[in-house]
Amino acid sequence: MVGYEIALWNAVDEVLAARGMVRLGHLHALRVLDAHEGQARVQEVSEDVGITVGAASKLVDRLERDGLAERQPNPANRRSSLVRLTPWGQRSLADGMAVAQEALDQAVGDEDVEQVVAVLERLRARLASGAVARSAA
């Protein structure tokens, strides 16, 4: 499963790169910022992307450098800032998602993905419940 996920990620990322679009890692971060509707702190980026706070801060720095996102003072906490998409970031997100979805559709074809997703969700829930740790003890 992991090997397929990596190959799929690389294939979609290559399509995005070939079309001059934002790469998949940045696209994921843009999706996170969009979901938080201008109220994301670096901490939320860290948690939602699954990286350290330091790595998330550097990622936001790169998004800012590329004009995709901007930091603004957090009115509720002067020690932090809020990160939001710029208009260029919003357009890059929309365009990138369209291209990524097209690439995914080509890669998956007419396979019944819903069945696979359901099995993976059940397996993830089993791991989250601690079933493996209890049975190994």
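Note that the coordinates shown come from a computational prediction; the quantities given were computed from them, not determined experimentally.
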Carefully, step by step, assess Arg41 and Glu44 under the rule salt bridge (charged side-chain N to carboxylate O under 4.0 Å, His left out). CA-CA 5 Å; Arg41 295 175 303 134; Glu44 279 84 33; 2.9 Å; yes
For the atom pair [atom1] ([X]) and [atom2] ([Y]), what is the distance rounded to the nearest 0.5 Å?
X	Y	atom1	atom2	value
Thr52	Leu59	OG1	CG	10.5 Å
Ser81	Gln72	OG	CD	9.0 Å
Leu127	Arg122	CG	CZ	13.5 Å
Glu37	Gln39	CD	CD	8.5 Å
His26	Asp66	NE2	CG	6.5 Å

We want to know whether [X] and [Y] form a side-chain donor-acceptor pair, criterion being a heavy-atom distance below 3.5 angstrom.
X	Y	result
Gln101	Asp105	yes
Asn74	Ser80	yes
Asp48	His28	no

Do you know which two heavy atoms are closest between [X] and [Y], and how far apart they sit?
X	Y	value
Pro75	Pro73	CD-O, 3.3 Å
Leu16	Gly96	CD2-O, 3.6 Å
Val83	Ala69	CG1-CB, 4.0 Å

Is any side-chain heavy atom of [X] less than 4.5 Å from a side-chain heavy atom of [Y]?
X	Y	value
Leu8	Leu104	yes
Ser57	Val45	no
Leu30	Met97	no
Val15	Val99	yes
Asp112	Val116	no

Counting only heavy atoms from other residues, nucleotides and ligands, does the tally under 6.0 Å from CZ of Arg71 exceed 12?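 Count over threshold, so yes.
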Are more than 12 heavy atoms from other residues, nucleotides or ligands located less than 6.0 Å from atom CZ of Arg126?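 It does not: Arg126 CZ has 12 such atoms or fewer within range.
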Step by step, work out the side chain to side chain contact (heavy atoms under 4.5 Å, CB included) result for Arg84 and Leu33. CA-CA 6 Å; Arg84 69 175 189 170; Leu33 294 176; over 6 Å; no
Side chain to side chain contact (heavy atoms under 4.5 Å, CB included) assessment of Met21 paired with Asp95: CA-CA 8 Å; Met21 312 293 285; Asp95 293 348; 3.2 Å; yes
For salt bridge (charged side-chain N to carboxylate O under 4.0 Å, His left out), just list the numbers for Glu14 and Arg23, CA-CA rounded to whole Å, side-chain angles, deciding distance to a tenth of an Å, and then say yes or no. CA-CA 8 Å; Glu14 288 173 14; Arg23 302 297 291 264; over 6 Å; no
Count I, L, V, M, F, W, Y as connected when their side-chain heavy atoms are under 4.5 Å apart, and connections chain through other members. Are [X] and [Y] then in the same cluster?
X	Y	value
Leu27	Val12	yes
Leu24	Tyr4	yes
Trp9	Leu120	no
Leu93	Trp88	yes

Determine whether a donor-acceptor pair (N or O, by modelled atom type, separation under 3.5 Å) exists between the side chain of Thr86 and the backbone of Leu68.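 Such a contact is found between Thr86 side chain and Leu68 backbone.
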For the side chain of Asn77 and the backbone of Arg79, is there at least one donor-acceptor N/O pair under 3.5 Å apart?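 It does hold such a pair.
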Residues Glu5, Met1; criterion side chain to side chain contact (heavy atoms under 4.5 Å, CB included); working and verdict: CA-CA 6 Å; Glu5 181 181 19; Met1 286 188 287; over 6 Å; no
